[in-house]
Amino acid sequence: MPSATSKQSTLPASWLLSPRKEQRTCPSPGRQQTSLKSTAALSTVSPPSAVKSVRKGPKKDAKAPTPHKKHTPLIPIDPSKKNYNKRITDVLSELSKTEKNIGNQWKAQAYSKAILSISAYPKPLVSGKEAQDLPGVGGSIAKLVQEIIETGTSERVQNEAKDERLQTISMLMRVSGIGPSAAAKFYDELGVRSISDLLHRPLTRHQKIGMKYFNEFEKRIPRAEMDRWQAIIKDVLEDIDDRFVVTIAGSYRRGQDTCGDIDVLLTHPEFTTSSSSDETPNSNHSVLLQLVISRLHEKGYLTDDISLGDVKYMGVCKLPDVPNTEAHIHRRIDIRLSPIDMYWPAVFHSTGSDQFNRWIRSLAAEQGYTLSEYSLRTKDKKSGAVGTPLRISSEEDIFRLLGVEWRAPEQRDW
DNA sequence: GTCAG
DNA sequence: GCTTATGCGC
DNA sequence: CTGACCGCGCATAAGC
């Protein structure tokens, strides 16, 4: 009900409501989907290769997909392989979670890294010492591993499991908008001991929404529903301006059967970095996202807004209910608007997986580049000086420039 | 907590 | 009122 | 021994 977002669609966006060109050129709506699996992953749309000029014939382009060979070091871990040390990694996961709850993100991450390499170890560990040879496993974790091998668990984990405060904080943090700091404050200063206690406490807008949909947000989104959202969003956007380019990224793009939320990336040929930096009259991109959001509201797809700025929206959506059917579940949806010259790095980044991104970034660094969600730039290893962003007109460009063989999104799932 | 510098 | 810091999510 | 480990958009609190 709050939704402060009601900046109605009084926003004129001159070039926006542009001539509905002939008809569907670019982002042809969802159709294609249906045959998911492989195609679905490439989810999206037509890559407008060059900034301007494009938008012509049917989606041609896609660059010449001619990857050079260039063996990729394949450091990757095969996720399908068996974990011979599950007992150990399970315990370490608890420790990672605890550190995260306390706000020690780096320790939490360190445990996660150790978990990854231990999971990939091809046989059961026999000693902590053996574990310490693995990347990410130092003396401290080696000791833990030794303890787990000997006793089957860790005393520390046992104690933490009995710790009321930790357990409660862990629970509170399941509410979207409550992090380590707020959870600790609720417990220590406001006497909160359960989720329901929160109802009588001052909450931020985000936290109220987190409470309202506490159960729904933890439910996974079936791929079929994701397909529907993709079609809907493309449809609404094309209705506004058929030059919008849309990608549903995240695990959906990697072909997963279920997803945690809906991650939408958006760009428009007339929204470029230059047009965003200077304040020319044409930089009405500042209303672009607002326009999109108000349109989605009008159509009844959005139910709550968590945040809305010029380039990023976070909110809640729900498919229209059909009479005599079970109501649909509320879903978290994020929509980001990128200048077109930053679009493919953004798509690449948001497609993940996180692990894949870490790997590719380290690879980039080795080759004298720095890759972010905004750009791919050269970077001098010595001086650290970075160059200007390279022109990226497709995901393939990124692979090609890094000398890595193309990997479809499903192959980045690690 | 781990690793690189 | 305006500016900066912090929390949060990703 | 010390700092990096992604760091940025948005909402809200804190500071002036």
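In what follows, every chain begins at residue 1, and chains take the letters A, B, ... in the order their sequences are listed. Note: hydrogens, waters and symmetry copies are ignored here, and every other heavy atom, side chains too, is used.
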> What pairs with A:Arg332 under salt bridge (Lys or Arg N to Asp or Glu O under 4.0 Å), at least two apart in sequence or on another chain?
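Salt bridge (Lys or Arg N to Asp or Glu O under 4.0 Å) check on A:Arg332 returns A:Asp334.
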> Separation of A:Leu371 atom CG from D:dG7 atom P, in whole Å?
12 Å
> In whole angstroms, how far is the C1' atom of D:dT12 from the CG atom of A:Leu203?
14 Å
> Can you tell me which nucleotide in B:dG1, C:dC10, D:dC10 comes closest to the side chain of A:Ile141?
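In terms of side-chain proximity for A:Ile141, the closest of B:dG1, C:dC10, D:dC10 is B:dG1.
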> Could you walk me through whether A:Arg295 and A:Asp239 pass salt bridge (charged side-chain N to carboxylate O under 4.0 Å, His left out), step by step?
CA-CA 10 Å; A:Arg295 190 64 67 92; A:Asp239 193 47; 3.3 Å; yes
> Using the P atom as the reference point in each nucleotide, state the distance between B:dG5 and D:dC6 in Å, no decimals.
16 Å
> Quick test of your reading: applying salt bridge (charged side-chain N to carboxylate O under 4.0 Å, His left out), list the pairs with at least one residue in residues 164-182 of chain A, sequence neighbours left out, ordered by first then second residue.
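Salt bridge (charged side-chain N to carboxylate O under 4.0 Å, His left out) check on residues 164-182 of chain A returns A:Arg165-A:Asp188, A:Arg174-A:Glu218.
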> Could you write nucleotides 2-9 of chain C as a row of B, S and -, 5' to 3', where a protein heavy atom under 4.0 Å of any base atom gives B, of only sugar-phosphate atoms gives S, and otherwise -?
-----SSB
> Side chain of A:Arg361: nearest nucleotide among D:dC10, D:dC8, D:dC6?
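Of all the options, the side chain of A:Arg361 is nearest to D:dC6.
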> Under 4.0 Å: is that the gap between some side-chain N or O of A:Thr204 and OP1 or OP2 of D:dA11?
no
> Rounding to an integer number of Å, can you tell me how far A:Leu288 CG sits from D:dG9 C1'?
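Nearest whole value for this atom pair: 17 Å.
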> Closest heavy-atom contact between A:Arg377 and A:Gly387?
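Of all heavy-atom pairs spanning A:Arg377 and A:Gly387, the closest is CD-O, 3.2 Å.
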> I'd like to check the side-chain contact (heavy atoms from CB on, under 4.5 Å) partners of A:Gln146; sequence neighbours left out, ordered by chain and number.
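Expected list: A:Ser127, A:Glu150.
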> Please, which pairs that meet salt bridge (charged side-chain N to carboxylate O under 4.0 Å, His left out) have at least one residue in residues 195-204 of chain A, sequence neighbours excluded?
none
> Rounded to the Å, how far apart are A:Tyr313 OH and C:dC10 C1'?
16 Å
> Please enumerate all residues that pass side chain to side chain donor-acceptor pair (under 3.5 Å) together with A:Lys208, with sequence neighbours excluded.
none
> Write down the distance between CD (A:Glu373) and P (D:dC8), rounded to a whole number of angstrom.
9 Å
> Under the salt bridge (Lys or Arg N to Asp or Glu O under 4.0 Å) test, which residues partner A:Glu373, sequence neighbours left out?
A:Arg336
> Taking atom P of B:dG1 as reference, at what distance in whole Å does atom CG of A:Leu116 sit?
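Taking CG of A:Leu116 and P of B:dG1, I get 18 Å after rounding.
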> What residues in residues 94-110 of chain A put a non-hydrogen atom under 4.0 Å from any atom of DNA chain B?
A:Trp106, A:Lys107, A:Ala110
> Starting at CG of A:Asp304 and ending at P of D:dA11, how long is that distance when rounded to a whole Å?
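So the CG-P distance, A:Asp304 to D:dA11, works out to 14 Å.
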> Tell me, please, whether A:Tyr187 has A:Lys185 positioned over its six-membered ring: NZ or CZ under 6.0 Å from the ring centre and within 45 degrees of its axis?
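No, A:Lys185 and A:Tyr187 do not form such a contact.
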> On the nucleotide D:dC6, are OP1 or OP2 found under 4.0 Å from the side-chain N or O atoms that A:Arg358 carries?
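Checking A:Arg358 against D:dC6: no side-chain N or O falls below 4.0 Å of OP1 or OP2.
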> Could you list the residues that satisfy salt bridge (Lys or Arg N to Asp or Glu O under 4.0 Å) with A:Lys86, not counting sequence neighbours?
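A:Lys86: salt bridge (Lys or Arg N to Asp or Glu O under 4.0 Å) contacts with A:Asp90.
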> For a quick check of understanding: with a heavy-atom distance under 4.0 Å over all strands, which category does A:Asn357 fall into, base, sugar-phosphate or nothing?
nothing
> Applying ring-ring contact (aromatic ring centres under 6.0 Å, His included), name anything that partners A:His206, two or more places apart in sequence or on another chain.
none
> Enumerate the protein-to-nucleotides 3-5 of chain B contacts in which both atoms are nitrogen or oxygen and the separation is below 3.5 Å.
residue	atom	partner	partner atom	Å
B:dC3	OP1	A:Gly136	N	3.0

> Given atom CD of A:Glu189 and atom C1' of D:dA13, what is their separation to the nearest angstrom?
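Interatomic distance, CD of A:Glu189 to C1' of D:dA13: 14 Å.
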> A:Phe348: what forms a ring-ring contact (aromatic ring centres under 6.0 Å, His included) with it, not counting sequence neighbours?
A:Phe356, A:Phe399
